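Down below is the structure, laid out as structure tokens.
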Amino acid sequence: MIDWDSGTYERTATQLAEAAGRAVEAADLLPGDRVLDVGCGTGNAALLAAMRGARATGLDPAERLLQVAAGRARNAGIDADWVAGDALALPFADGAFDAVVSVFAVIFAPRPADAVAELVRVTAPEGRIVLTSWRPDAGVAAGSAVLRDALAAARPADAAPPAAGPAPLDWGDPDRVRALFAAHGLEAEVEEHGLPFVADSPAAFADEWMDEHPMWLAARPVLGDDAYAALREPLVAALEGVNEDPPRFRATSRYLVVRATRD
């Protein structure tokens, strides 16, 4: 279980701002639209929606990140609501929002079909649902694979199998994500884009992930300190393999923007 309040997710959120902008643009917002940002983190999409004149609400299970988002809104003079909650049980009425967005967030829900059902439920007729999801085969995904392989190797042989349904990276398969919406009679449109991640070097990026990223920090108690520390070398090597700007670091990760409209 990932504790998104741990570490310093704010650093990653800054690099995701461009994708949040694409998601908000794809939602075709009008002034006064009611907009929900599911898994809002530090508020990237909710704040952009509010700046367009929408009535924005950000929802996230991480209380600390909601406080960061609220602080950003105050500093910018932006009016938005911030709610603690779970993507699998959204605390809102049916059809409460004209647009629902989720930027690399709902893809971590343990029951994808239930999560999409909730997105559809709280979206008004003719409302738009927009989410972003990572492609599994480009950019810093090479570094994520190091952690994924280590966790798979550490899993006891008699452990229960993972829950059915797409894992976070499987949401990057257009056919899989289309099927999740098709189950509700919705046709999902999918576009692919690139998002650059940058740092002073591959090693600096690796250190940031291992020291600050909630997803990596969640693995430390599972693997143990020694095994966790041993991942640094293969992680740096994986990042060097995708580096577009040595000796500094730049890697372009591919992602999907998925848009569906309720009837």
Side-chain angles (χ1 to χ4, degrees), residues 2 16-30 33-41 44-46 48-49 54 59-60 85-90 92 94-142 144-145 148 161-195 215 252-263:
I2 300 172
L16 301 182
E18 179 183 318
R22 286 192 183 277
V24 170
E25 184 174 346
D28 292 333
L29 301 182
L30 296 173
D33 275 354
R34 302 159 298 166
V35 179
L36 176 63
D37 180 4
V38 177
C40 65
N44 282 345
L48 289 172
L59 175 136
D60 203 280
D86 188 333
L88 294 176
L90 296 174
F92 306 107
D94 295 359
F97 297 95
D98 301 298
V100 177
V101 300
S102 184
V103 181
F104 306 118
V106 74
I107 61 175
F108 289 95
R111 300 194 305 278
D114 292 346
V116 171
E118 279 292 271
L119 299 182
V120 173
R121 180 185 68 79
V122 301
T123 303
E126 300 185 7
R128 290 79 63 201
I129 302 168
V130 180
L131 63 86
T132 63
S133 58
W134 296 115
R135 293 283 292 160
D137 52 3
V140 297
S144 299
R148 188 168 62 251
L169 289 179
D170 291 333
W171 286 73
D173 182 331
D175 290 337
R176 280 179 176 264
V177 76
R178 286 191 183 103
L180 288 168
F181 284 97
H184 300 275
L186 303 185
E187 182 177 351
E189 304 169 0
V190 180
E191 293 183 354
E192 184 170 330
H193 299 278
L195 184 69
M215 187 160 37
T252 302
S253 289
R254 307 299 298 176
Y255 70 97
L256 304 181
V257 176
V258 180
R259 185 184 190 276
T261 302
R262 281 209 60 181
D263 296 333

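Keep in mind it's a predicted model, so treat the numbers as computed, not measured. Every heavy atom of this structure was used, including side-chain atoms; hydrogens, water molecules and symmetry mates were not.
- Looking only at distances, a side-chain donor or acceptor of Arg128 sits under 3.5 Å from a matching main-chain atom of Ala27.
- In this structure, Asp33 contributes its side chain and Val35 its backbone to no donor-acceptor pair below 3.5 Å.
- Atom-to-atom distance recorded for Ile107:CD1 and Leu256:CG is 9.5 Å, nearest 0.5 angstrom.
- Contact between Leu88 and Ala109 at its shortest, heavy atoms only, is CD2-CB, 4.2 Å.
- Classification of the Phe104-Tyr255 ring pair by plane angle, with boundaries at 30° and 60°, yields perpendicular.
- Atom CD of Glu18 is surrounded by more than 12 heavy atoms from other residues, nucleotides or ligands within 6.0 Å.
- Counting heavy-atom neighbours within 6.0 Å of Asp263 CG, excluding the residue itself, gives a total of 12 or less.
- Screening Val100, Val122, Val103 for a side chain to side chain contact (heavy atoms under 4.5 Å, CB included) with Val38, the sole residue that qualifies is Val100.
- Side-chain atoms of Arg254 and Thr252 include no donor-acceptor pair closer than 3.5 Å.
- Pairing each heavy atom of Val24 with each of Ala45, the nearest pair is CG2-O, 3.6 Å.
- Checking side-chain atoms of Arg135 against main-chain N and O of Gly172 turns up a donor-acceptor pair under 3.5 Å.
- Note that the CZ atom of Arg178 and the CD atom of Glu189 stand 9.5 Å from one another [nearest 0.5 Å].
- Test Asp98, Thr123, Leu29 against Arg34 for side chain to side chain contact (heavy atoms under 4.5 Å, CB included) and you get one pass: Asp98.
- Classification of Glu118 and Arg121 as a salt-bridged pair holds, one side-chain N sitting under 4.0 Å from a carboxylate O.
- Two residues are said to be in side-chain contact when any heavy atoms from C-beta on lie closer than 4.5 Å; Leu180 and Trp171 meet this criterion.
- Leu119 and Leu90 get closest at one heavy-atom pair: N-CD1, 4.3 Å.
- Minimum interatomic distance between Leu16 and Asn44 (heavy atoms only, all atoms of both residues): C-ND2, 4.1 Å.
- In plain terms, the two heavy atoms of Phe92 and Leu36 that are nearest each other are CE1-CD1, 3.7 Å.
- In this structure the side chain of Leu195 never reaches within 4.5 angstrom of the side chain of Arg22, judged on heavy atoms.
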Handout entry: CA sep, side-chain torsions, deciding dist, call: Arg259, Asp28, side chain to side chain contact (heavy atoms under 4.5 Å, CB included)
Key = CA-CA 10 Å; Arg259 185 184 190 276; Asp28 292 333; 2.8 Å; yes
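- Residues Ala23 and Val101 come closest through the heavy atom pair O-CG1, 4.3 Å.
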